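Shown next, in structure tokens, is the structure this report addresses.
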2 protein chains.
Amino acid sequence: MRGKADSDLVRRQNRHIVLEALRLHGPMPRVELGRITGLSPASITTIANQLIDDKAMRELNEAPDRSDPNRRGRPTVRVELNPDAALAIATKISIDGVDLALVNFAGKIIARKNTLIATYEVQPDAFGKALANIMRDFFDENSLKSGDVAHIGIAAQGVTHSQKGTIAWSPAFRATNIPVVEPVERETGVTCSIANDANMIAEGVMSADRYSYTGTAAVVFMGYGVGMGLVIDGKVYHGATGAAAEFGHMNHIPEGALCRCGRLGCLEAYASDYGILRFAKNLAEQTPPPSHAVPRHIMVDLENAARQGQANAVAAYQNAGRAIGFGLARMIALLNPDRIVLAGPGTRALDLIEPALRAAIDEGVVEELRRQVKIETVPIDTDMIIKGTIDATLRYLDLNIFASGPMRNLAEQKEPQQ
Amino acid sequence: MRGKADSDLVRRQNRHIVLEALRLHGPMPRVELGRITGLSPASITTIANQLIDDKAMRELNEAPDRSDPNRRGRPTVRVELNPDAALAIATKISIDGVDLALVNFAGKIIARKNTLIATYEVQPDAFGKALANIMRDFFDENSLKSGDVAHIGIAAQGVTHSQKGTIAWSPAFRATNIPVVEPVERETGVTCSIANDANMIAEGVMSADRYSYTGTAAVVFMGYGVGMGLVIDGKVYHGATGAAAEFGHMNHIPEGALCRCGRLGCLEAYASDYGILRFAKNLAEQTPPPSHAVPRHIMVDLENAARQGQANAVAAYQNAGRAIGFGLARMIALLNPDRIVLAGPGTRALDLIEPALRAAIDEGVVEELRRQVKIETVPIDTDMIIKGTIDATLRYLDLNIFASGPMRNLAEQKEPQQ
DNA sequence: TAATTTAATTTGGCGTCCAAAATAATGTTG
DNA sequence: CAACATTATTTTGGACGCCAAATTAAATTA
């Protein structure tokens, strides 16, 4: 049951949709903010001026637009998100290391830092310490103090536990239950949150094209692993512990191929880089996966071999397509989504994968359910995870800081102990 | 993006939570309504008196409670939902026929009617006509006129299309895309909606114990078929077309056993009554399922045989448990739910099914994901579908009629054409 | 009967929204 | 160039919903 409503809720909600409109559509005049949000001009005036007072927005100082010769009347004054309203840090933890991006409130990346860490053998506490050091260096390099950064968002490969702030299990680590949020918060004094990387890809894909993500959508990541981000009713779905949509470790065939997670028959064991490679090399299904990512050039070579008709390679991609297709068929039966988006480096080989994928969906689910699902592909972009993390973190600031009122509310944020 | 907020939203929301509190906890004094909803006594006075004006609520006329001898002060006056506020009809369409229940606003069943129809061979339009006739008879038998009934809710087995108001596909019909809502609305003049029967079971289970359904839960129905109702973020999830959670037709084994839906390897082909029976009889996996439900006594006999150690029967239930377990493991990987509830007549045999079911979950999903899932069983109750449909329909009335304000708003309900 | 206790209502004020009127800043026209 | 037209934004005044505090109501206790 949703809670009670009062004028506080109204103010938060309406300020939030104003900020959201600006984030989605960029600078625009107040009239248009009114059109988009459905708020009256009078309310827009009030809200805009408050947000400007709070430094969340600002007026653009530009010459009137003369491009339309038929334009009459008082010229519009466009407003935009104030880039200097706040800073945030987006973080990606993967098998390759730690990737950091410092962004301003308008979403512009101000600084980046990429640190290689041999994550696989590291001890849980040592990793927290290493991450804290990286973060501190990043603060120092950019002359940041604790109060300068409003939030730190972290995306990690594997099963993340958002409440506990840990990585419960990840292919990048041999260890489990690695504390992440706590060491970062202690070192920096900045609030921090962690989420699954595939969910962050979904955030990014959704932010880029939000108007069309009103219902349910699944964003599939194909590459060194297989992941999924679920958008349910227009919001990224995180599940009970923040570990939803572990599509790659959804079982495909009971007692099937050995997965990096140690279990048998996971989808990833058939459709990830190493799964495809293992099949193409004619290795037994039980052959242990490598502990490191398969180098890109090896996969590219394999794709080319398949395109030239090398039988094992062709079969490997068909096998992968079939696995993903059945996984999607199962997902469709459960969730009846509006659309499916395929993303990640694995989509390079989509021509090799797609026929088997579509055949498997047809085979695996009632026609009535799959008929209306749109399947799309998103351009390959290795930075999708960091972009999505930025989007999610900024949305967090919009809602939790700026929509609530002036900055002073930050102190009152905590639950009153009643 | 959620829309703007205004005082209208506040009023609707708060009236709704007041009605919801009464529906969940029964009659209570105003003070307690305030405690439960978080609204101030002043606001409760206002809202309660308006709802009483609108005939949605009424004061109980009872002698003061003397049970607590230490009780001081002005005695409480309890308020309750007004049973006469509205009437609604809940409808169940299944392979057995059509089941109707007339309920008052307080949820009491006033009349029932059960009509057998040989659904399987019927033509789509003929079914609509037959249903309309049944409905008209029900109106006549209870001296109801069009305006007397506020809404008709329908639950049907199979894939329902809530927007179109049709049954897209159902094991109860050979035909597909059967119009249901339109013929009923035309005959009765009452608004009508349709949903999947498993979703209605979830509504019922949730209503009975709502405080504990805050996150994500899956209610599995086992019996003549296998179904699932998903509760996501405290609300029953319906998917893009109203056909979500077709758990029974989620693929279990590619190219596996023949399902009633004509596809191979659906979970239902292993775990429904007929699937279990087919396995126990040692019939080939491709043996066509019967077009009618398996009589109860046959299943009971089979359970007893298994309990006495008859090998085929034991194996059949293990096989079913394994299928459901893997299906749940896949669902857990995708949705990371808080709880799973097993329901339906199939739970009679839970002792036979559960070990294999739990083993399959353990085998099929990472420990980090399944650790916190609670698995529960709900008492067998053949009327769960109709009960859930009643709950869902009354909740619809709460939100769409009584929370919005006085009845006159019913006329203004339609979208203004802007 | 007066004091105490608890429930419910009334009063007065606050915050947000909106419609309508007013103001601002430009282009058009005679 | 002055008056008019047009479009954007702000101001004004009123409505509605919430709440805290004061008040009233209806019992029990002393």
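Given the structure is predicted, the values throughout are model-derived calculations rather than measurements. In the text below, chain A, chain B and the rest are named by the order of the sequence lines, each starting its count at 1.
- Within the 4.0 angstrom heavy-atom criterion, only backbone atoms of the sugar-phosphate kind lie near Asn14(A); the bases stay farther away.
- Side chain of Asn14(B) to main chain of Ala5(A): a donor-acceptor pair is present (N/O by atom type, distance under 3.5 Å, no hydrogens or angles).
- Shown here are the side-chain contact (heavy atoms from CB on, under 4.5 Å) partners of Asp8(A), two or more places apart in sequence or in another chain: Asp6(A), Arg11(A), Arg12(A).
- In DNA chain D, the stems built from three or more successive Watson-Crick or G-U pairs (distances below 3.5 Å) are C:1-30 with D:1-30.
- Arg11(A) has its CZ atom 15 Å from the C1' atom of dG17(D), to the nearest Å.
- Dashed line: the shortest gap from a side-chain N or O of Ser40(B) to OP1 or OP2 of dC19(D) is under 4.0 Å.
- Partners of Arg30(B) by side chain to side chain donor-acceptor pair (under 3.5 Å), not counting sequence neighbours, listed by chain and number: Asn49(B), Glu59(B).
- Take His238(A) and apply the side chain to side chain donor-acceptor pair (under 3.5 Å) test, not counting sequence neighbours, and it matches no residue.
- Partners of Lys387(B) by side-chain contact (heavy atoms from CB on, under 4.5 Å), not counting sequence neighbours, listed by chain and number: Asp381(B).
- With rounding to whole Å, Leu39(A) atom CG is found 16 Å from dT10(D) atom C1'.
- What separates CD of Gln50(B) from C1' of dC18(D) is a distance of 12 Å, to the nearest Å.
- Rounded to the nearest 0.5 Å, atoms CD1 (Ile154(B)) and CE (Met200(B)) are 11.5 Å apart.
- The CD-P distance, from Gln13(A) to dC18(D), rounds to 17 Å in whole Å.
- Across all strands shown, Ile47(A) has heavy atoms under 4.0 Å from sugar-phosphate atoms exclusively, and none from any base.
- Of the possible polar contacts, one joining the Ser146(A) side chain to the Thr188(A) backbone as a donor-acceptor pair under 3.5 Å is found.
- Two residues are said to be in side-chain contact when any heavy atoms from C-beta on lie closer than 4.5 Å; His151(B) and Leu397(B) meet this criterion.
- Distance His16(B) NE2 to dG17(D) C1': 18 Å, rounded to the nearest Å.
- For the atom pair OH (Tyr396(B)) and CD1 (Ile401(B)), the distance works out to 7.0 Å, reported to the nearest 0.5 Å.
- Phosphate proximity of dT16(C) to Lys4(B): absent, as no side-chain N or O sits under 4.0 Å from OP1 or OP2.
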Generate the contact string for nucleotides 2-12 of chain C. Rules: B means base contact, S means sugar-phosphate contact only, - means no protein heavy atom under 4.0 Å.
--BBBBSBB--
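- The distance between atom CG of Leu9(A) and atom P of dC17(C), rounded to the nearest whole Å, is 11 Å.
- Atom P of nucleotide dC19(D) and atom CG of Leu33(B) are separated by 14 Å, given to the nearest angstrom.
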